[in-house]
Structures are given as C-alpha cells and as structure tokens.
Amino acid sequence: MSTEPPPGHTRIRLDLAYDGTRFSGWAMQPGRRTVCGELTSALSTVLRQPVTLVVAGRTDAGVHASGQVAQFDVPVELWAEHEERLLRRLAAVLPADVRVWSAVVAPAGFDARFAAMGRRYAYRVTDAAYGPHPLRRNDVTWHPRAVDPVLMNEAAAGLLGEHDFASFCKKREGATTIRCLKRLVWTREAPTSLTPTGLLVADVRADAFCHSMVRSLVGALLAVGEGRRPVGDPGRILAERVRSPEVKVAPPEGLTLEEVVYPPDAELAAQQQKTRRIRVLESD
C-alpha cells in the first residue's frame, strides 16, 4: 500500500537541518522541546491551520541533522498562497537551532519514511588529550584515549551486509532489527586549527537503522580502536542477536544524519512496497 495525499491536497517535501543539543529528539513528547514540536508549531502558525509531519527517521535526544527529510499534506490552494514566501516566513518564527532550507511539491509516490532507500550518518570523534575545540563541542564527541582507525575499519568490515542487528539496537515492540549495513568506514581528517590532531569521522550507511544502532556500533568499534577489545569482538556480538551489556552506546553529540536517499521518482511507489514488507533473513 502506497500513501498519497487526500483529494484536493498536495504533498510537500521539507529538507531541514538542526542542532540537536537542546532538543529531546525528533518525536513529540509532552512537556519536552522536540524538533517535530517546534517545526509543527511554526508551520501551523505560518499556514494558519494544523499540520501533521511525517519524517524520514526519528533522531534521539542530542543527535543532529544536516539532511533530514519530512513531509506534510496541505490543500492545493493554501500551498499556492504560501509557496513563494514559506521559507522566509518559517525562518522568522523557527528557533535558530532548526532551519528548513527547501520546501517543494513532492512527486507521486513520495513518502518521506517508506520511500527512502537509504540513510547516511556521520559520527565525529576527537581523541585529542584536551578534548574538542570549543567551536565544535556540540557535534564532536571526546574519546579520552587514542584510537586506531585501521583497527576499527578491520572490525567494521565484519559487520557489513544484511544481518539481524538486535545486539546493537534497543528493541521496539513489533519492529524488526534486520538491516543492511552498506558502509562503515573511519577516516582521520587532516589536522586543522580547530582539530590539530585530526578529527575521526565514521561514514555509516544502511537501508535503515534501528534505535541506537549507529551509536552502539560506534561504541563497540571505539573499544577496538583503543585496544581494549579484539578486532573480532563486534562480529561476535552481532552473531549473538541479543542486546549486549558489553556494548557502550556512544554519546549523542557526535552523531549527525547527513542524508536520506530516495530512488528515481518513477520507483518511489515500488520502494514503499519493498520497505513495508516484513523482513526475514534468508538464513532463517
């Protein structure tokens, strides 16, 4: 089943970014400041009608996004009235730590969540003795012991492919933990005035991620990088398929959702069908 906007409505795709430091995550929570809450309030104010948002992927408290995607459905005539000035009006009412940088009519078959075929995250770490530079303190995690990205990449190679990542996820009732991890590579960037020792960045890509999966993988790999765990340890934990107390979840501030990937417009509806299917491993 693919979703389409109601008759007389059009679907709007939003591309946005936010600094997650002072947010309790994306999802609305009573009494808490969330990205969805701020954006829904701003859109409802500008459009002068209630708005319901669907997002590509919910981020946890403290996690950032530079390439988040969301959608809402709006009457065609209302969109025609606000299209030209929507971004400027949103900028006037949104807080400074969330910005919408694109708002366009979505193609047929588009669903921000179910039509996505991949997500790309970056996790940023400094192992400098003095910690992160003050100007990068919001999006870089400090690891107080030196780590070796070569060891971490060797360990990460054994995690690639389609697996049940239950060992690295916080289980949600009725949700599968089967994912296809397409890339997990660490690089040490060239030194700069902000990071004289060079920032460690993990490029993490998958068709989708379950709750806390990226931060759990990072935590397991950092333990390998500092020599506290053997290279084969993350693979051993993965094979157990049970949430492991051995895995320390890395702090949220280093994690940024960089990109949500969609297929060509003609394949959006088919991608929705594929995403909605119940996943099982071929070996099961």
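Using cut-offs of 30° and 60° for the angle between ring planes, the Phe165 and Phe168 rings count as tilted.
Taken to the nearest 0.5 Å, the CG atom of Leu221 stands 8.5 Å off from the CG atom of Asn153. We find the CG-OG1 distance between Asp164 and Thr177 to be 3.5 Å, quoted to the nearest 0.5 Å. Rounded to the nearest 0.5 angstrom, Gln272 CD and Glu267 CD are separated by 13.5 Å. A distance of 12.5 Å separates CG in Leu268 from CD in Gln273, rounded to the nearest 0.5 Å. Expressed to the nearest 0.5 Å, how far CG of Leu47 lies from CZ of Phe72 amounts to 5.5 Å.
Looking at every heavy atom in both residues, Pro50 comes nearest to Ser44 through CA-OG, 3.8 Å. Here the closest non-hydrogen pair linking Leu53 and Leu43 is CD2-CD1, 3.8 Å. Scanning both residues, Val224 and Pro230, for their nearest heavy atoms gives CG2-O, 3.4 Å. Ala115 and Gly109 make their closest contact through CB-O, 4.0 Å (heavy atoms, listed as atom of the first residue, atom of the second, distance). Between Ala122 and Val201, the closest heavy-atom pair is CB-CG1, 4.3 Å. Nearest heavy-atom pair, Val93 versus Ala42, reported as atom, atom and distance to 0.1 Å: CG2-CB, 3.7 Å.
Screening residues 128-199 for disulfide bond (SG atoms under 2.5 Å apart) gives Cys169-Cys210 as the qualifying pairs, with residues at least two apart or on separate chains. Judged as a disulfide bond (SG atoms under 2.5 Å apart), not a single pair has a partner in residues 60-116 (not counting sequence neighbours). Sorted by first and then second residue, the disulfide bond (SG atoms under 2.5 Å apart) pairs with a member in residues 61-120 form an empty list; sequence neighbours excluded. Identified under the side chain to side chain donor-acceptor pair (under 3.5 Å) test for residues 63-75, with sequence neighbours left out: Arg11-Asp73, Tyr18-Gln68, Asp19-His64. Sorted by first and then second residue, the salt bridge (Lys or Arg N to Asp or Glu O under 4.0 Å) pairs involving residues 95-108 (not counting sequence neighbours) are Arg33-Asp97. Sorted pairs that involve residues 27-63 and meet disulfide bond (SG atoms under 2.5 Å apart), not counting sequence neighbours, are lacking altogether.
Take Glu240 and apply the salt bridge (Lys or Arg N to Asp or Glu O under 4.0 Å) test, not counting sequence neighbours, and it matches Arg236. His143 pairs by the ring pair (Phe, Tyr, Trp, His ring centres under 6.0 Å) definition with nothing, not counting sequence neighbours. In this structure Asp203 satisfies the salt bridge (Lys or Arg N to Asp or Glu O under 4.0 Å) test together with Arg183, Arg205, sequence neighbours excluded. Scanning for salt bridge (Lys or Arg N to Asp or Glu O under 4.0 Å) contacts around Glu154 gives an empty result, with sequence neighbours left out.
A cation-pi arrangement, defined by a distance under 6.0 Å to the six-membered ring centre and an angle within 45 degrees of its axis, is present between Arg276 and Phe114.
The backbone N or O of Ala128 lies less than 3.5 Å from a partner atom in the side chain of Trp142, making a donor-acceptor pair. Counting only distance, with no hydrogens or angles, the side chain of Arg119 and the backbone of Asp207 share a donor-acceptor pair below 3.5 Å. Glu38 places no side-chain N or O within donor-acceptor distance of the main-chain N or O of Pro95, the cut-off being under 3.5 Å. Side chain of Glu189 to main chain of Leu200: no donor-acceptor pair is present (N/O by atom type, distance under 3.5 Å, no hydrogens or angles). The main-chain N or O of Leu135 is found under 3.5 Å from a side-chain atom of His133 such that the two form a donor-acceptor pair. Remark: side-chain polar atoms of Ser167 are paired, donor with acceptor, to backbone N or O of Arg241 under 3.5 angstrom. For Ser212 (side chain) and Arg215 (main-chain N/O), no donor-acceptor pair under 3.5 Å exists by modelled atom type. Remark: the backbone N or O of Gly225 is not paired with any side-chain donor or acceptor of Arg228 at under 3.5 angstrom. With hydrogens and angles disregarded, a donor-acceptor distance shorter than 3.5 Å links the side chain of Asp127 to the backbone of Val147.
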Test side chain to side chain contact (heavy atoms under 4.5 Å, CB included) applied to Leu217 and Leu159, step by step: CA-CA 9 Å; Leu217 291 170; Leu159 304 172; 3.8 Å; yes
Check against side chain to side chain donor-acceptor pair (under 3.5 Å), Arg243 and Ser216: CA-CA 10 Å; Arg243 180 69 180 175; Ser216 296; 3.2 Å; yes
Working for side chain to side chain contact (heavy atoms under 4.5 Å, CB included), residues Trp26 and Thr34: CA-CA 5 Å; Trp26 168 270; Thr34 68; over 6 Å; no
Step-by-step side chain to side chain contact (heavy atoms under 4.5 Å, CB included) determination, Tyr123 to Leu184: CA-CA 10 Å; Tyr123 196 94; Leu184 204 176; over 6 Å; no
Residue pair Arg48, Glu81: steps toward the salt bridge (charged side-chain N to carboxylate O under 4.0 Å, His left out) verdict: CA-CA 12 Å; Arg48 298 188 297 277; Glu81 177 186 348; 3.1 Å; yes
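The same ILVMFWY cluster, assembled from side-chain heavy atoms under 4.5 Å apart, contains both Val35 and Val55. Residues Val140 and Leu222 do not share a hydrophobic cluster, clusters being chains of Ile/Leu/Val/Met/Phe/Trp/Tyr side chains in contact below 4.5 Å.
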Expected list for residues 251-262: side-chain donor-acceptor pairs under 3.5 angstrom, two or more places apart:
residue, atom, partner, partner atom, Å
Glu258, OE2, Arg124, NH1, 3.2
Glu258, OE2, Arg124, NH2, 3.2
Glu259, OE1, Arg120, NE, 3.0
Glu259, OE1, Arg120, NH2, 3.4
Tyr262, OH, Ala112, O, 2.6

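Trp186 has its side chain out of reach of Asp148: every pair of non-hydrogen atoms, C-beta onward, lies at least 4.5 Å apart. Here the side chains of Phe209 and Val204 are in contact, with some heavy-atom distance below 4.5 Å. Side chains of Lys171 and His211 form no contact here, defined as non-hydrogen atoms less than 4.5 Å apart. Counting heavy atoms from C-beta on, the side chains of Leu90 and Val46 come closer than 4.5 Å. In this structure, the side chains of Leu199 and Val125 stay at 4.5 Å or more apart for every pair of heavy atoms. Side-chain contact check for Leu94 versus Leu39: some heavy-atom pair is nearer than 4.5 Å. At a threshold of 4.5 Å between non-hydrogen side-chain atoms, the residues Arg85 and His82 do not count as touching. Within the 4.5 Å cutoff, the side chain of Thr40 has heavy atoms near those of the Met28 side chain.
Around CZ of Arg145, the count of heavy atoms belonging to other residues, nucleotides or ligands within 6.0 Å exceeds 12.
In summary, the side chains of Arg179 and His163 do not present any donor paired with an acceptor at a separation below 3.5 Å, with no hydrogens or angles considered. Under 3.5 Å, the side chains of Thr126 and Arg136 contain no donor-acceptor pair of N or O atoms.
Membership of an apolar cluster is not assigned to Val242, as no side-chain contact below 4.5 Å to another ILVMFWY residue is traced.
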